[in-house]
Protein chains: 2
Amino acid sequence: MKLDHGHKIYNQLTSAQIEKRLNDIGISATAQRIAICKYILCEADHPTAEDIKKWTDVNFPKLSRATVYNTLEVLVQAGLLKELKLPHTGKIVYDTNVAEHFHFLDSNTGKLFDVSPEECQVTLAMPNDISVQGVEVFLRGKISIK
Amino acid sequence: MKLDHGHKIYNQLTSAQIEKRLNDIGISATAQRIAICKYILCEADHPTAEDIKKWTDVNFPKLSRATVYNTLEVLVQAGLLKELKLPHTGKIVYDTNVAEHFHFLDSNTGKLFDVSPEECQVTLAMPNDISVQGVEVFLRGKISIK
DNA sequence: AAGCCACTTAGAATAAGTCTAAAAATAGCT
DNA sequence: AGCTATTTTTAGACTTATTCTAAGTGGCTT
């Protein structure tokens with residue numbers, strides 16, 4: 001579980017790089033979409049649609065709420081993002097980590113961390129006639145300060 | 001995992017029994033609360049607040065939406081119910097099973113089933129400075145028809 | 001009987017997300 | 001380049017679930 005969220009500062013992408021990534025997955029790279037991706041991929045950490053809207057209000061004025069939602073849908077469909085509904089708030093956040101993983105919520109700070117499948121293993125012993133296709137795990141707890 | 005939801009037909013409670021249960025946990029048993037409990041404990045299966053409101057509209061007219069929400073809060077506080085926010089819809093449902101357990105969603109029918117800790121075991125290998133206090137598991141899949 | 005307090009009521013307010021219809025941008029053809 | 005079709009974006013209205021508010025009700029207590 002990576003504790004520092006600052007790693008995104010090493011993840012700066014140019015607009016051209018983002019444009020290429022979008023084109024590669026068959027998404028036409030409009031100015032609005034590039035801006036939103038820049039925020040999601042390089043700055044934000046598990047942002048909500050509202051977080052993104054607030055950022056664009058400052059950094060890309062006139063971009064409408066609908067465009068935020070449309071773009072997020074496009075990105076999720078294309079597999080660039082994963083949508084995650086938080087059990088504690090019911091809010092939807094977007095995750096750039098599209099590999100299989102779970103989540104840990106620090107109840108002190110409200111911060112969300114990714115948990116790898118090595119750190120959290122689920123063993124199922126379900127009846128034969130049940131086929132499980134998806135497993136979501138949400139952990140809550142505290143990080144002790146040393 | 002209990003597949004039949006019809007077991008609640010064996011769980012009929014009289015108003016007097018519900019009244020006693022409420023009093024036992026320190027909740028004053030008003031007519032509205034008894035009615036709501038009757039539905040939740042004897043008829044419903046993972047109902048939403050709206051399900052309850054619809055039921056009272058028919059069976060206990062004039063009961064207001066706020067009373068539904070207030071009552072649910074009181075019952076959750078008292079430990080008679082567990083609140084559960086569903087990852088797929090984001091809706092809150094109420095569970096009369098207050099023992100530790102997880103959930104399985106049948107993606108064919110949208111029905112929700114309880115999964116016991118024996119059927120689903122979670123093994124954690126988290127860093128030392130993380131203390132996990134709560135584990136939620138949500139499974140999705142299909143039930144094969146024989 | 002008067003006052004008190006918990007509970008309930010109807011409806012307004014809020015918040016997150018979706019929808020709509022029109023305008024703007026873009027892409028494809030000739 | 002010019003014309004047309006398609007895609008994307010926009011502002012704002014709408015929806016849905018939940019919470020809030022302020023007034024009303026009803027049963028105890030003294």
Side-chain angles (χ1 to χ4, degrees), chain A residues 15 18-19 22-23 25-40 44 46-78 80-94 110, chain B residues 15 18-19 22-23 25-40 44 46-57 59-78 80-81 83-94 110:
Chain A
S15 297
I18 291 171
E19 190 175 347
L22 291 177
N23 287 330
I25 54 178
I27 295 173
S28 62
T30 65
Q32 287 86 342
R33 287 173 179 174
I34 292 171
I36 290 172
C37 284
K38 207 169 229 175
Y39 176 61
I40 297 179
H46 295 107
T48 63
E50 206 47 34
D51 292 334
I52 297 167
K53 182 65 168 67
K54 274 184 197 135
W55 181 87
T56 61
D57 282 348
V58 174
N59 298 281
F60 197 111
K62 301 265 103 184
L63 194 155
S64 80
R65 182 197 328 283
T67 296
V68 173
Y69 283 97
N70 289 343
T71 299
L72 288 170
E73 210 206 317
V74 165
L75 297 175
V76 169
Q77 294 304 328
L80 201 71
L81 287 183
K82 240 175 158 178
E83 204 178 282
L84 170 66
K85 184 116 42 181
L86 301 179
H88 63 308
T89 58
K91 283 182 189 164
I92 294 169
V93 301
Y94 293 88
Chain B
S15 297
I18 291 172
E19 189 175 348
L22 290 177
N23 287 330
I25 54 178
I27 295 173
S28 62
T30 66
Q32 287 87 341
R33 288 172 178 176
I34 293 171
I36 290 172
C37 284
K38 205 168 228 175
Y39 176 61
I40 298 178
H46 295 107
T48 64
E50 206 47 34
D51 292 335
I52 297 166
K53 182 65 168 64
K54 274 185 196 133
W55 182 87
T56 60
D57 282 349
N59 297 280
F60 197 111
K62 300 265 107 186
L63 193 155
S64 81
R65 183 189 324 284
T67 296
V68 173
Y69 282 97
N70 289 342
T71 300
L72 288 171
E73 210 205 316
V74 165
L75 296 176
V76 169
Q77 294 303 328
L80 200 71
L81 287 183
E83 203 178 283
L84 170 67
K85 183 116 41 180
L86 300 180
H88 63 308
T89 59
K91 286 183 187 164
I92 295 169
V93 300
Y94 293 88

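Below, chains carry the letters A, B, ... as their sequence lines are ordered, and counting in each starts from 1. These numbers were taken from a predicted model, which means no experiment stands behind them.
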| request: May I ask you to evaluate whether Q32(A) reaches the phosphate of dA25(C), defined as a side-chain N or O under 4.0 Å from OP1 or OP2? | output: no
| Whole angstrom value for the distance that separates P of dT10(D) from CD1 of I36(A) | 8 Å
| query | Taking the side chain as C-beta and beyond, is there a heavy-atom pair between Y39(A) and D51(A) under 4.5 Å? | reply | yes
| Options dT8(D), dG17(C), dT8(C), nucleotide nearest the side-chain atoms of R33(A) | dT8(D)
| message | With a 4.0 Å cutoff (strictly under), does any side-chain N or O of S64(A) reach OP1 or OP2 of dG12(D)? | response | no
| task | Check whether any side-chain nitrogen or oxygen of T30(B) sits under 4.0 Å from OP1 or OP2 of dT8(C), and answer yes or no. | result | yes
| field | Flag, side chain of T30(A) to backbone of R33(A), donor-acceptor distance under 3.5 Å | value | yes
| message | Tell me the interatomic distance from L72(A), atom CG, to dA16(C), atom P, rounded to whole angstroms. | response | 15 Å
| request: Mark yes or no for whether T71(A), through its side chain, and T67(A), through its backbone, hold a donor-acceptor pair below 3.5 Å. | output: yes
| A66(B) has a side chain; which of dT9(C), dT8(C), dT10(D) sits nearest to it? | dT9(C)
| field | Atom-to-atom span, OH of Y69(B) to C1' of dT16(D) - whole angstrom | value | 9 Å
| message | What's T67(A) touching, base or sugar-phosphate or nothing? Going by heavy atoms closer than 4.0 Å. | response | base
| Spacing between E83(A) atom CD and dT18(C) atom C1', to the nearest angstrom | 13 Å
| message | Whether K62(B) contacts dT9(C) is assessed here as follows: a side-chain N or O lying under 4.0 Å from the phosphate OP1 or OP2. Is that the case? | response | no
| message | Nearest whole Å is fine: how far is dT10(D) P from F60(A) CZ? | response | 7 Å
| Within the structure shown, what part of the strands sits under 4.0 Å from T48(A) by heavy-atom distance: base, sugar-phosphate, or nothing? | nothing
| request: Round to the nearest Å and state the distance from E50(B) atom CD to dT16(D) atom P. | output: 10 Å
| said: Just the rounded figure in Å: distance from C1' of dA15(C) to CG of D51(A). | reply: 14 Å
| field | Minimum side-chain heavy-atom gap I34(B)-L22(B) below 4.5 Å | value | yes
| message | Check the phosphate of dT18(C) against R65(A), side-chain N and O only, distance under 4.0 Å to OP1 or OP2. Yes or no? | response | no
| said: Between R65(B) and E50(B), does any NZ, NE, NH1 or NH2 come within less than 4.0 Å of an OD or OE carboxylate oxygen? | reply: yes
| Within this structure, what is the CD1-to-C1' distance between I92(A) and dT16(D), rounded to whole angstrom? | 13 Å
